[in-house]
Every structure is written in C-alpha cells, then in structure tokens.
Amino acid sequence: SSDEYVDNMAPESSQKNTKFKNLPSDIEKLRILRKKFGNKLIIGNLNINSISNKFDHLKLIVQCQVVILVITETKIDNSFLSNQFLISGFSKPFRLDRNRRGGGILLYIREDIPCKDLLLHNLPDDIEGMFVEINLRKKKWLLFASYHPPSQSDDYYFKCVSNALDRYNQNYDKFLLIGDFNCEDSDAILHEFLNQYDSQNIVKEFTCYKSQNNPSCIDLFITNSPKSFMGTTTLCTGLSDFHKMVVTVMKSSFEKMSPKEISYRNYKNLDNNVFKLELSEVLSNNVCSYKSFEENFLKVLDKNAPLKKKIIRANHAPYMTKNLRKAIMKRSELKTKYVKENS
C-alpha cells in the first residue's frame, strides 16, 4: 500500500525510490514530504483557474500537509463570502479579488503561525499582489503573493513590485515571492530583477502545460535565501487545467498544532419518548421561568444524552477515508481530462 511506502521511505534507497514512482497519485508526494520533514514548513503555490467549484478537493489536498498556501486565478469577486473558503486549521485567508473572468489571490497560513497584512507599499490597482509578514519566532519573513497576468507588461509589473519591495527591505532580511508570474528565469526582465535583489527562483521543473510541446516554468518561488529551502517539486492535483502545484520545504521548524479536546453529547442510547416523558414531568412540577426551564431541560438532557470528551487531531475529518480521498482526486483528474480533450 502507499502508506507502507510512506512509512518505509528512505531517500538513499533506490528500491524505495522505485516504489515512490509507482504511487497511485502525485498527491502521495505531499504526504511523503510531510512525513519525511516533520515540523518543517511546507509551502504550496497553485494557479487553480477558478476556485469556486474546486474548493472541496483543495481542502482534501492541503489539510495537515501544507502550512502556507498561495492560490492564484481564483476568479471570484465580492459576491463570494470569505466564509465560503475557510479551511480547518488555517486562519481566515488573505484575499485579493479581481472578477469572475480572471485573476484573484487567496493566501492561507496555518492558524498558529503569527502573521499580519502589510500596507506600507503603494502598489497600483492593476498589480495583483499582497505583502504579509510571517513570524517564525526566531526570524521574520516578508512574503509576497502575486498573480501577473500575461497581458500585462513584464517591465511595468516588475518595476512596480520592485518599488514596493524596496519599502520593506530595510525591515526584513529575507523574503519569499510566490505566485504565477507568467515569466521564466530566461526572460531578460526577470533575470535582471533576480540580480537586482541577489535572489533566485528555486523552482526548476515545468509548472505550466498550456502547450504540451513547450511547457514552461512560470509558477515560481523567488527568494534571497535559497539555502533556507529544500525538496522543491511539482504535483499534479487535477485541480487546474494547465498548472501543477509547486511545493517547497522551508528548513525552519514550527511545532505542529496540538490535538484538541472537544465536548460532545452521546446520543447513542437516547430514547426520544423517554426523554419527552421525563422532560414533561420535570417541567410540570416547576415554575417555568426561562432560567428554570434551561436548568431542568439540561438536567434531563444530561441524563439521556450525557456529555463526553475526546481528543482529536487538529485536522480531524471523521467522514473522510483514504479510499474516498483517492476517489475524489481521481474524479477531478478525469474531469479535467474530459474538459481538455472534449471526448
């Protein structure tokens, strides 16, 4: 089983690397990264090309696996409530919309990692990007999430980003720029930008397959501290029409969220008829003020459906099994293939 491969994986073993290639889904790579690197921070980046009908699948992929996630081309506007896009274990996402026809960004950060929106810059309205501070206890990172549409001038875009980045450079030693930049390392303007900030793009695999014969690497992680990252790779999620998800592992550790203790009522032995009868008897013998009603109601309820406590993982989803997770991913993969090939 894939779980056995995960548990027994050793990068030095060629035999197990062969098993790795035979795993049923690229998503298993994400699980392997999480298991291998423990408390290290896994960061993801995906051009999803409209999130509205893909959100449930996205949640299955990232929960418990990714710590920071940038989603570009969300294609949502203010008619979509932010509560529609909450993921358990993550704070309310930072959000920058364009409209339903294109663009848009969502940035997710695990709820126990201190972060804040930064507003010192003055990016023009047509530049899609947001700066956020990530506090990893011993150090602070400047994070920039962005989508650069292909119709926009590269020179104009990087000039605006450069002006904004200069506003923060004196306060942050390290930065990470994440997103779909629609630009490759070999492009002169991006090459000049990287040299200007002594930075690198750490993504080396193709990420966009709009042209099957000429794939490109345009979903990037740009940083002035490339040695702070490892294990950068791409994953086929079945969520986007052309783009793979890009993930990298930050070498900094951040303790996992601790399990939660929850209270719940045990309705296993509840008999509705008995409950109604006992409640009727108790209420008939007492003055029915609201306070007395509440006390007597809870007394009878505690007898018939007692409160219990249990400890669950922070990403607990009791209805989700391994087989169901794989089936959902396969369904989305086949749907994407059908839409693309129309057969």
Side-chain angles (χ1 to χ4, degrees), residues 2-3 5-49 57-58 60-72 107-108 110 141 143 145 176-186 194 199-210 212 214-223 225-254 325-326 329-330 332-333 336:
S2 58
D3 283 335
Y5 299 158
V6 171
D7 294 336
N8 297 315
M9 190 186 107
E12 296 80 6
S13 168
S14 60
Q15 179 181 4
K16 289 183 173 102
N17 280 339
T18 301
K19 289 182 178 181
F20 176 87
K21 293 178 182 178
N22 293 329
L23 290 175
S25 168
D26 272 8
I27 304 306
E28 296 295 339
K29 291 184 184 178
L30 196 54
R31 298 179 63 239
I32 290 172
L33 283 176
R34 169 53 63 213
K35 197 168 187 72
K36 179 180 177 182
F37 293 111
N39 290 339
K40 303 297 184 185
L41 276 67
I42 296 181
I43 303 172
N45 171 28
L46 173 66
N47 179 321
I48 202 167
N49 192 18
H57 185 174
L58 177 67
L60 295 181
I61 294 174
V62 304
Q63 279 186 349
C64 195
Q65 313 298 342
V66 177
V67 172
I68 298 172
L69 177 66
V70 173
I71 301 295
T72 57
L107 168 60
Y108 291 91
R110 204 172 71 185
W141 277 77
L143 180 65
L176 178 62
L177 315 183
I178 307 174
D180 179 354
F181 293 88
N182 273 299
C183 204
E184 296 190 83
D185 289 355
S186 56
L194 296 176
S199 57
Q200 295 181 26
N201 164 42
I202 60 174
V203 182
K204 303 305 178 184
E205 301 175 23
F206 293 130
T207 66
C208 179
Y209 288 81
K210 188 172 185 178
Q212 291 290 334
N214 187 29
S216 57
C217 179
I218 59 177
D219 304 276
L220 311 178
F221 290 124
I222 297 173
T223 179
S225 183
K227 292 183 178 180
S228 297
F229 300 90
M230 58 187 174
T232 306
T233 188
T234 60
L235 310 171
C236 183
T237 63
L239 283 171
S240 180
D241 48 0
F242 306 125
H243 296 260
K244 286 189 173 185
M245 175 184 281
V246 188
V247 295
T248 192
V249 182
M250 185 181 285
K251 293 180 181 178
S252 299
S253 296
F254 204 91
R325 196 161 48 234
K326 287 183 178 179
M329 291 176 184
K330 188 64 176 177
S332 297
E333 178 184 338
T336 299

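- At a threshold of 4.5 Å between non-hydrogen side-chain atoms, the residues Met245 and Leu69 count as touching.
- A pairwise comparison of heavy atoms in Leu33 and Val249 identifies CD2-CG2, 4.3 Å as the closest pair.
- Pairing each heavy atom of Ser240 with each of Asn47, the nearest pair is OG-O, 2.8 Å.
- Remark: Thr248 OG1 to Ile178 CD1 distance equals 9.0 Å, nearest 0.5 Å.
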**OP:** Please assess Ile42 against Gln65 for the test side-chain contact (heavy atoms from CB on, under 4.5 Å), listing each intermediate value before the final yes or no.
**Re:** CA-CA 7 Å; Ile42 296 181; Gln65 313 298 342; 5.8 Å; no
Show me the donor-acceptor pairs, under 3.5 Å and distance only, between side chains in residues 214-222 and residues at least two apart or in other chains.
unit_1	atom_1	unit_2	atom_2	d
Asp219	OD1	His243	ND1	3.3
Asp219	OD2	Thr207	OG1	2.7
Asp219	OD2	His243	ND1	2.9

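- Two residues are said to be in side-chain contact when any heavy atoms from C-beta on lie closer than 4.5 Å; Met250 and Lys40 fail this criterion.
- Applying the side-chain contact (heavy atoms from CB on, under 4.5 Å) test to Lys210 and every residue at least two apart in sequence or in another chain returns Cys208, Phe242.
- A 6.0 Å sphere centred on NZ of Lys204 holds more than 12 heavy atoms belonging to other residues, nucleotides or ligands.
- The backbone N or O of Val67 lies less than 3.5 Å from no partner atom in the side chain of Arg110, so there is not a single donor-acceptor pair.
- Here the straight-line distance linking atom OG1 of Thr233 with atom CG of Leu30 works out to 10.0 Å at 0.5 Å rounding.
- With rounding to the nearest 0.5 angstrom, the NZ atom of Lys326 is 14.0 Å from the CG atom of Leu60.
- Nearest heavy-atom pair across Thr234 and Lys244 is OG1-CD, 3.6 Å.
- Closest heavy-atom contact between Asn182 and Asp180: N-OD1, 3.1 Å.
- Within the model, atoms NZ of Lys35 and CD of Glu28 stand 11.5 Å from one another, a figure rounded to the nearest 0.5 Å.
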**OP:** Assess whether side-chain contact (heavy atoms from CB on, under 4.5 Å) is satisfied between Leu143 and Leu107, documenting all intermediate values.
**Re:** CA-CA 10 Å; Leu143 180 65; Leu107 168 60; 4.0 Å; yes
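- Taken from CD1 in Ile48 to OG1 in Thr72, the straight-line distance is 9.0 Å, to the nearest 0.5 Å.
- Here Leu239 contributes atom CG and Asn49 contributes atom CG; the two are 11.0 Å apart, rounded to the nearest 0.5 Å.
- Residues Phe229 and Ile43 are in side-chain contact: their nearest non-hydrogen atoms beyond the backbone lie under 4.5 Å apart.
- Formation of a donor-acceptor pair under 3.5 Å by the Thr336 side chain with backbone atoms of Gly238 is found in this model.
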